2 protein chains.
Amino acid sequence: MTRADSRAHILQVAGPIFAKDGYQSTTIRRICEAAGVNVAAVNYYFGDKERLYIEAVKHARDLLEERWPLPKWTESTPADERLRGLIHTFIRRLISPAQGEWQMKLILREIIEPSGAARELVQEGFAPFFNVLTELIQQLLPCGASDPQIHQIGFSVIGQCVFYAAHQQVVDLMIEEVERAEHFDADSLAEHVWRFTKSALAEYSRTDSIVNRAKADNADQLLKQEHQA
Amino acid sequence: MTRADSRAHILQVAGPIFAKDGYQSTTIRRICEAAGVNVAAVNYYFGDKERLYIEAVKHARDLLEERWPLPKWTESTPADERLRGLIHTFIRRLISPAQGEWQMKLILREIIEPSGAARELVQEGFAPFFNVLTELIQQLLPCGASDPQIHQIGFSVIGQCVFYAAHQQVVDLMIEEVERAEHFDADSLAEHVWRFTKSALAEYSRTDSIVNRAKADNADQLLKQEHQA
DNA sequence: CTACCGTTTAAACAGCTGTTTGAATCGCGT
DNA sequence: ACGCGATTCAAACAGCTGTTTAAACGGTAG
């Protein structure tokens, strides 16, 4: 067995175990047993448990991005079709149909309970994604929408998607199995989120309400600044 | 000190600690130290660590429901104003403005990593809330929308709200502090979620697209059933 | 063959965990 | 004041944790 083999084996089995049981409940003995290596191997290759965990989280992110890359668009792809592709990609990353979907579970754990990899994860993995999303939203809104409004809408899209992955248990307890199988798979959910978002944006454009709201916010802020001065 | 005192003290300090550090990382020694009681008190009053945890989770739910009860409506309150009140209540429960907001953090932990209290929590705490929400959505949609569609929209509302509480770290890393202070407090977020949802529902009503989609889904299903027969 | 270095191994380590114990203490009705 | 049950306490328990150690192993260059 070469150096690469043992290291890779550990990294491979560590991900799903950490995802299932969490950092604290996972013992390096269990990981090493699953990988077929000695307990000391983790400290030999990774230094300590925490650094193995961080490596496992980053590995999970790499696997997801490799398996579900951002869609490629031509110049002629309309903005709402781009939005649709983006939402489908994001939801597929969250709920891989066939696989045990452990990767995103592990990443969500790290986000909720940061331990060193969180900042890098968000800044390198999530930020580019979010920037593309907000650009699309801006294109689908009338001119005059403010940045905070666009950010809020961006998180509305992300929030809808993440919910199904992070809190699947709630859906399972609330929705009958037949309905779940038919309407709560990755593709159905992505289509729903896309239509829901597109509809809200269309209504914003039609009524220009978002621009009026942006102007009102601006006026409020100016008033507040005067008050302070 | 009477029986009620020690028990209550433990329960009171256990909630925030469990919320911050999680079940595994929290030691009963730390809880007892904070409560000013002996280590054996937990086992004496609660049996073991897990039953204390479950009690703490239920206690958190009670506190939230007591502090932010469902809004009272008169017969004349229009459906969209009811929706607004419901969203504001839910977001306030998620992000208590002044307090350390530990209650919902603890509950979200239990949902993500169920340990005995999760089922009861969802069925008794969340289900009634969700039912009110879906009834309102139905009233705000044209006749003919299917149950699965209404459920999906319901989770879209919940998902938007929960995201800010469960993944606040992401928002913190993505949004500048000045913008956060101004546009990402509980009330601003609740207003945004309400407007976003109302807009989507209005567009659904205006175009009748949701009814057409429901009919199409129905046709698909009939076709599939014939295929099986 | 030999010497060497990266790797693997079993064993031991110190520290912390939840839980139990049995005695000490307290509060209160008699 | 007494006695009794409920409560509190310090101490100990057994078990598991991450980590370290020093010896053994294995392939490979000289």
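A, B, ... follow the sequence lines: proteins, then strands. Residue 1 opens every chain. Since the structure is predicted, the reported quantities are computational estimates derived from the model, not experimental observations. Note: hydrogens, waters and symmetry copies are ignored here, and every other heavy atom, side chains too, is used.
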Asks: Could you tell me how far apart B:Y45 (OH) and C:dG18 (P) are, to the nearest whole angstrom?
Replies: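 Those two atoms, OH and P, are 20 Å apart.
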Asks: Measure NE2/A:H9 against C1'/C:dT8 and give the value in whole Å, please.
Replies: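 Computing the A:H9:NE2 to C:dT8:C1' distance gives 15 Å.
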Asks: Listed by chain and number, what are the salt bridge (Lys or Arg N to Asp or Glu O under 4.0 Å) partners of B:E50, not counting sequence neighbours?
Replies: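 Listed in chain order: nothing, the list is empty.
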Asks: A:K49 NZ to D:dT19 C1': how many Å, rounded?
Replies: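 In whole Å, D:dT19 C1' lies 12 Å from A:K49 NZ.
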Asks: Can we say B:R7 and B:E55 salt-bridge, meaning some charged N sits less than 4.0 Å from an Asp/Glu carboxylate O?
Replies: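 Looking at B:E55 together with B:R7, the answer is yes, because their closest N to O distance falls below 4.0 Å.
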Asks: Looking at D:dT8, I'd like to know if its phosphate oxygens (OP1 or OP2) sit under 4.0 Å from a side-chain N or O belonging to B:S6.
Replies: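 Answer is yes, contact under 4.0 Å.
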Asks: Taking it one step at a time, do B:F130 and B:F155 satisfy ring-ring contact (aromatic ring centres under 6.0 Å, His included)?
Replies: CA-CA 9 Å; B:F130 190 73; B:F155 285 124; 4.6 Å; yes
Asks: B:D5 CG to D:dT7 P: how many Å, rounded?
Replies: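 Those two atoms, CG and P, are 11 Å apart.
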Asks: Looking at B:D187 and B:R92, does any basic side-chain N land under 4.0 Å from a carboxylate oxygen?
Replies: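 Salt bridge present between B:D187 and B:R92.
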Asks: May I ask you to decide whether A:E113 forms a salt bridge with B:R109, counting only side-chain N to carboxylate O separations under 4.0 Å?
Replies: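 So A:E113 pairs with B:R109 through a salt bridge.
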Asks: With rounding to the nearest 0.5 angstrom, report the CG to CZ distance, A:L106 to A:F18.
Replies: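 So the CG of A:L106 and the CZ of A:F18 are separated by 8.0 Å.
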Asks: Please check if any side-chain donor atom of A:S188 sits under 3.5 Å from a side-chain acceptor atom of A:E191, or the reverse.
Replies: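 A:E191 and A:S188 do not have a side-chain donor-acceptor pair below 3.5 Å.
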Asks: Find the distance A:Y44:OH to C:dT8:P and express it as a whole number of Å.
Replies: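 For the pair A:Y44 OH and C:dT8 P, the rounded distance is 7 Å.
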Asks: Determine which pairs satisfy side-chain hydrogen bond (donor to acceptor under 3.5 Å, both in side chains) with at least one residue from residues 27-43 of chain B, sequence neighbours left out, and list them in order.
Replies: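 As it turns out, there is no side-chain hydrogen bond (donor to acceptor under 3.5 Å, both in side chains) pair with a partner in residues 27-43 of chain B once direct neighbours are skipped.
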Asks: Look for any protein N or O under 3.5 Å of an N or O in nucleotides 26-28 of chain D and output each such pair with its distance, or none.
Replies:
none

Asks: Return the value, rounded to whole Å, for the distance between atom CD1 of A:I10 and atom P of C:dT7.
Replies: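 Distance check: A:I10 CD1 to C:dT7 P gives 12 Å.
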Asks: Produce a footprint string for nucleotides 20-25 of chain C: one letter per nucleotide, 5' end first; B if the base is under 4.0 Å from any protein heavy atom, S if only the sugar-phosphate is, - if neither.
Replies: BB----
Asks: Could you check whether atom CD of B:E81 has more than 12 heavy atoms from other residues, nucleotides or ligands sitting under 6.0 Å from it?
Replies: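 Counting other residues, nucleotides and ligands, CD of B:E81 exceeds 12 neighbours.
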Asks: What is the distance from CG of B:D21 to P of C:dT17, rounded to the nearest Å?
Replies: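 For the pair B:D21 CG and C:dT17 P, the rounded distance is 11 Å.
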Asks: For DNA chain C, determine which residues of residues 26-33 of chain B have any heavy atom closer than 4.0 angstrom to one of its atoms, and list them numerically.
Replies: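 Close to the strand are B:T26, B:T27, B:I28, B:R29.
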Asks: Rounded to the nearest 0.5 Å, what separates atom CZ in B:F46 from atom CD1 in B:I28?
Replies: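 The distance works out to 11.5 Å.
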Asks: Quick one: ring pair (Phe, Tyr, Trp, His ring centres under 6.0 Å) partners of B:Y164, sequence neighbours excluded?
Replies: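 Partners of B:Y164 by the ring pair (Phe, Tyr, Trp, His ring centres under 6.0 Å) criterion come out as none, since no residue qualifies.
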Asks: Quick one: A:R51 CZ to D:dG18 P, roughly how many Å, whole number?
Replies: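 Going from CZ in A:R51 over to P in D:dG18 covers 15 Å.
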